[in-house]
Amino acid sequence: MNKYLILSLFLILFSCQQKNSETAELNLIPKPNKIEIGSGSLGVSQGFNVVTENLETKTEENLLALLKQSITLSSSGKKLRLILQPQAKTQSDESYSLTVNRKGVEISALSEAGLFYGIQSLVQLSENKTHIPYVKIEDEPRFGYRGLHIDASRHFVSLDFLKKQIDLMAHYKLNRFHWHFTDGPGWRIEIKKYPELTGIAAWRMEPTWKEWWNSGRKYVPEDTPGAYGGYYTQDEARELVRYAAERHITVIPEIEMPGHSEEVLAVYPHLSCTGKPYTSSEFCIGNEQTFEFLENVLTEVIDIFPSEYIHVGGDEASREHWRKCPKCQARIKTEGLKDEAELQSYLIKRIEKFLNSKGRRLLGWDEILDGGLAPNATVMSWRGEQGGIDAVKSGHDAIMTPGEFCYFDSYQANPGTQPEAIGGFLPIEKVYSYNPVPAVLLEEESKHILGVQANHWAEYIPSEEHMEYMMYPRALALAEVAWTQPENKSWKDFRLRVNNAIPQLQSKGYNTFTLSDEVSFSHDTDSASNAISVSLSTEKDPVEIRYTTDGSQPNAQSPVYTNPIQVKDSVTVTAQLFSGEKAIGTAITRRFDYHNAIGKSVIYNIPVNPYYPAGGEKALINGLMGGLSHGDGRWQGFMTNGMDVTIDLGNLQSISSVNARFMQSIGPWIWFPKEVVISLSDDNKTFTELSRVKSTVSEKEPGTLFQNFGWQGTANARYIRYKAIPNGIKGGWVFVDEIVVW
Ligand code: ACM
């Protein structure tokens, strides 16, 4: 290679790197799909002098009113041209182009929404800046549906709080607000025909969902001294709809049916199968009065909410009452239905007909697929992606909200450092990694994935501050998942932008999480080289990671992590974030063992639950510890009879310890085993019991806990049998990630 070639390669590499860091420095979230950065910048400290073309007066007034809230408008400022270009193009209606050059700023778009998004980009470019770089942006969203959901039933949130979140949604180009305001813990929308819904079913004596859930789940009249709750009047709901629409956000209301309806049936017990209050969560589908009620409610809801979609819930309905109910059974017979699943589908189909007759479309959680999907329905896929895939494959539309990537009620960092959450673990990098179009879909089918949504269920989110803490900054990652094409996304680049966004969110009064202060560990085993490769990473940026392998606390002189650490036998890594000389957060210590059972075989005396195989038969002896979420693909799950496996070491060996690591996380119904039993054998027939270890942790202990259950000593064996006996709670799980043998 001659030296000119080397020099030009260097220059190309250098300029690419520069481009990447420059686009990160623009601090735009979501990242635009096409950016060209010029040289030079426009001084904007005097603000902007707006000139519009082709805008109707009302549109112009609306845009200028919103603009004034974010940037300075002044006749001495730089020229800002807003141009509506209504001629047909192939781009989406929400597309815009934005140019910054020495003449000023020009934003042009096909629609008011496009102009609005161009303005959001300009606001982000100019926030707290005296100059903005010359740039040309051509942008349009990947998905038309970019949603956030808030559960206002478990804990009531005020209208002002919702407006504040709508502001931020708009800033990050999200455009659907899914308002979950009916559910067992409280009905929260005024329905004039049914005043008891808000007069009683919106109030309870317990301020938190948890206390309400654990103390009888009752409601009280609104005027009861000390009653907790609240509801939105129809005027307030209309106000929110208008406020959101001005910011190009559609509000989608959800009226839950047939399940999650305890609060309705408490005040209108004749709509349940038993006819008695506090006996059922499900409407009686055999009773015509149920349809009369639902249609009357929906009529008022339709009048308030212009959204094309009306969400009807449909999730988690028990079929128990319907099985025993003469009216439901009569309905099954007269309608020629096969079973109770088809009975539920009968309700959804009938409600869909009603909605369609009013010019609206039905949206529901993926259970609406059970018993046959209503002909024009759209599915919101939450129990993984399969519901969405099935919907699309059968010609329907779907919106992806799978729990593993989109449930922001789960922990976003080490549970030991966080307020109590429902369980699970969804750090921002995982949200960011999500691709809402499953690889199994053909190109034509993938057009029916309308978009993606993050859900904020509020069982463990008792206040508005806490709701913001769970929303942000994860919602920013979701916004980029929803807007930016996968090939334009980069976690590294986003990480820097989201770190920069956090102080801005705080200065606007949002109670955002500030990202984990801890180092994250991940590792892979390589049985060819008999080694584990340990990688360290952070959410914070810029920071350094320093680490030790001798058990000491890292300090400013400890080595800086740059490349994965190779482990041939055992190592204890202690790692901590540093900003210059200053340590941040707490050091995290993890031990890695390339132990004696790695690569050997396992016999499952009880099969692993098919939902949690963690990659199969080697999962318990592959050297891979699970992370903080039982659903991360490294934890094996077992139900009723617990775990019972035999490890075959291949030949007689001396053994000095056997340890398995378990999880307890009571939100998702995971407990430590009641007891484990470890036995040894030379022939896999006659076993000698080596040890029994009982759990000493209460089954009520909250948070996400990890514990080794094991034995240490000296023994010889070829076969090791490890049994974990579950604690006996019906429906409870045992989760284990690794059995470490030395
Ligand atoms: C749901 O999380 N039950 C939709």
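Indexing begins at 1, ligand by ligand and atom by atom, following the structure's order. Keep in mind the model is a prediction, meaning the values are calculated, not measured.
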**Report entry** Donor-acceptor under 3.5 Å (E539 side chain, A413 main chain)
**Finding:** no

Report summary line: By side chain to side chain donor-acceptor pair (under 3.5 Å), N511 pairs with (sequence neighbours left out) none

Requested in this report: Apply side chain to side chain donor-acceptor pair (under 3.5 Å) to H456 and list each qualifying residue two or more places apart in sequence or on a separate chain.
Outcome: none

Query raised in the report: With sequence neighbours excluded, what pairs up with K210 under the salt bridge (charged side-chain N to carboxylate O under 4.0 Å, His left out) test?
Result: E420

Could you check ligand 1 for N or O atoms lying under 3.5 Å from protein N or O atoms and list the pairs with distances?
unit_1, atom_1, unit_2, atom_2, d
ligand 1, 2 (O), Y407, OH, 2.7
ligand 1, 3 (N), D315, OD2, 2.6
ligand 1, 3 (N), E316, OE1, 3.0

Query raised in the report: Relative to F408, does R474 satisfy both conditions: NZ or CZ under 6.0 angstrom from the six-membered ring centre, and within 45 degrees of the ring's axis?
Result: yes

Query raised in the report: Are any of the side-chain nitrogens in D339 or R319 under 4.0 Å away from the carboxylate oxygens of its partner?
Result: no

